[in-house]
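I have placed the structure first, in the form of structure tokens, so that the comments after it can refer back to it.
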Amino acid sequence: MVEFSNADWQAIWLTFKLAAAVTFILLIICTPLAYWLNKTKSIFKGPLIALFALPLVLPPSVLGFYFLLAFAPNTWFSQAALALGFGQLAFSFTGLLIASLIYSLPFVLQPIYNAMQSLHTGSLDAAATLGAGPLDRFFTLVIPMIKPGLFTGAVLGFAHTLGEFGVVLMIGGNIPGETQLISVQIYEYVESLEYGKAHFLSGFMLIVSFIILWLVYKLQPSRVHE
Amino acid sequence: MSTRWISVAIYLFAVWPALAHSQTPLNVAVASNFIHTSQLLKNEFLKHTSTQIQFTYASSAKLYAQILHGAPYQIFLSADTDKVVKLIKQNKTLNTNYHIYATGRLALWQPQKRTGQCQVLIMANPKLAPYGLAAEQTIKKGQFKLPDCRQTIYAQNISQSWHYAASGHADAAFVALSQLVSKKVPAPEYQLVPADNHQAIAQAMVLLPAAEKHLYAKDFYQFLQSDKAKAIIQQAGYQ
């Protein structure tokens, strides 16, 4: 009987930690960003929307390659991160986190942006007439109205980060407890011909992913507007 | 039946398969550390033979898995001997003979001399890559003088070892001599690890069942063992 090794448990814990952190941070970044993108008349709106959607289209190898170059110790990007106290980016959890934030951004941004597009502007105007300030309106009206969008964004962001592989393979360095995620661990088992262990961990991933998605769609809040 | 028809039938039986097979390219599965050298060998072989050779590059483990599941290669050039022997044991090869076509040499590359302590040493994962295993054995043996690095990072394979070092992530990296040769890295930047520091990185090749029906599979396999091929392989940084 094959069992999970300590390295497996570590990889499982690390993967969920990364997915949770990415989802949390992206929700905080994407909600105001989507709100601004919806309201703005700036000429940069189009290019920005295209820019934020790029990770949807680009192969992970392209992202991974650019991250690998950007994370090298002597680049301005790494120097800036070092100056801000993030430490070394390549082969570290922080580096993976930054890469995953960019990699999963469109998966969180798009649903929130779409939900905001169908916002009922009438109620917002009414609230403004009744004296509610912009922040007040954002938190008491916008947020509750886009709940389904937030929910979908969070699920997609989490799931997409769980399934991350290509980028991690290129910038991770496969360090247990730091950058060795489940997907990379499975890859390592397959490459070292330990098919039994690979099966076990893959099966676990399959079942857990299915259960998460199933629960999530079951619990999904009903739409405010149709 | 007239003798003429018989001779036509014999002709078709004898020649048709040959004609048909000369159209299909020779599919060779090659471990990715041998990409550069395999191209040189192919060019040399095609000087005298008109056929098509198609290389498929991947890690030996991926190619092994593909062959195990019936991938239509005629020849397998592995980065180690282990996987070839495993295929033979599982009856996935044409016969039980295999041949060491190249022996890899490990080198320590220090792309840029930075001041201060060595931060990152890169090596291929010893669990996955023959060059990684050799690097690990070299470190354990302790005879080869290494810089004192703060952190050791495992790359997936020797190519990634190279990429990490080439993109400025490493102060020192274990790479293959063949990579240094093909990229024309100046000699002062690297040291060859003496071969007695680790087990030989013996790269084996083997004929697969599909080779039986291909006109040029055995020719190419023989060519890879010829003196001409050996010279090319040696020049590319192998033994």
Side-chain angles (χ1 to χ4, degrees), chain A residues 5 7-8 11 60-62 64-79 81-82 87-93 95-96 99 165-181 183-199 202, chain B residues 31-32 58-69 78-80 82-87 89-90 111-112 114-130 132-133 149-171 173:
Chain A
S5 63
D8 290 346
S61 49
V62 172
F65 178 61
Y66 282 139
F67 283 129
L68 185 65
L69 298 186
F71 286 180
N74 44 12
T75 61
W76 63 266
F77 190 83
S78 289
Q79 295 293 339
L82 206 62
Q88 180 195 339
L89 290 183
F91 322 124
S92 73
F93 185 76
L96 269 196
F165 173 63
V167 173
V168 189
L169 197 65
M170 288 188 81
I171 60 163
N174 209 2
I175 304 168
E178 183 79 26
T179 57
Q180 195 175 63
L181 302 182
S183 54
V184 182
Q185 179 82 345
I186 293 171
Y187 180 78
E188 187 175 308
Y189 283 143
V190 175
E191 284 285 284
S192 54
L193 313 186
E194 295 177 80
Y195 293 167
K197 288 180 181 172
H199 261 309
S202 301
Chain B
S32 37
S59 73
S60 306
K62 277 195 211 77
L63 296 170
Y64 166 85
Q66 290 175 5
I67 293 164
L68 210 57
H69 293 93
S78 178
D80 59 8
D82 185 46
K83 294 187 183 71
V84 165
V85 171
K86 272 198 172 120
L87 284 175
K89 277 190 188 148
Q90 294 173 84
Q112 58 252 73
R114 277 199 221 116
T115 48
Q117 205 209 341
C118 168
Q119 293 295 319
V120 177
L121 169 75
I122 307 262
M123 61 187 271
N125 191 333
K127 239 178 99 183
L128 309 183
L133 186 65
C149 297
R150 215 173 51 83
Q151 200 181 8
T152 303
I153 302 289
Y154 285 170
Q156 296 293 335
N157 49 46
I158 200 71
S159 307
Q160 199 178 36
S161 224
W162 175 274
H163 293 316
Y164 280 166
S167 54
H169 287 279
D171 299 294

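Numbers restart at 1 for each chain; the letters A, B, ... are given by sequence-line order, proteins then strands.
Classification of the B:Tyr164-A:Phe91 ring pair by plane angle, with boundaries at 30° and 60°, yields perpendicular.
Shown here for B:Ala61 and A:Val190, the closest heavy-atom pair between the two residues is CB-O, 4.4 Å. For the residue pair A:Ala72 and B:Ser167, the shortest heavy atom distance occurs at CB-O, 3.1 Å. Between B:Gly168 and A:Pro73 the shortest heavy-atom distance is O-CD, 3.0 Å. Nearest approach of B:Asn125 to A:Glu188, heavy atoms of both residues: ND2-OE1, 3.3 Å.
Considering A:Leu69, A:Leu89, A:Ile171, A:Leu68 as possible partners of B:His169, the one that fulfils the side chain to side chain contact (heavy atoms under 4.5 Å, CB included) test is A:Leu68.
B:Asn157 CG to A:Glu191 CD: the interatomic distance, rounded to the nearest 0.5 Å, is 7.5 Å. Here the straight-line distance linking atom CG of A:Leu193 with atom CG of B:Leu68 works out to 9.0 Å at 0.5 Å rounding.
Annotation for A:Phe165: atom CZ counts as buried by contact number, over 12 foreign heavy atoms lying within 6.0 Å.
For B:Ala65, the parts lying near chain A are the backbone and the side chain together; criterion is any non-hydrogen pair under 4.5 Å. Residue contact with chain B, scored on non-hydrogen atoms closer than 4.5 Å, is absent for A:Phe65.
At a threshold of 4.5 Å between non-hydrogen side-chain atoms, the residues A:Gln88 and B:Gln151 count as touching.
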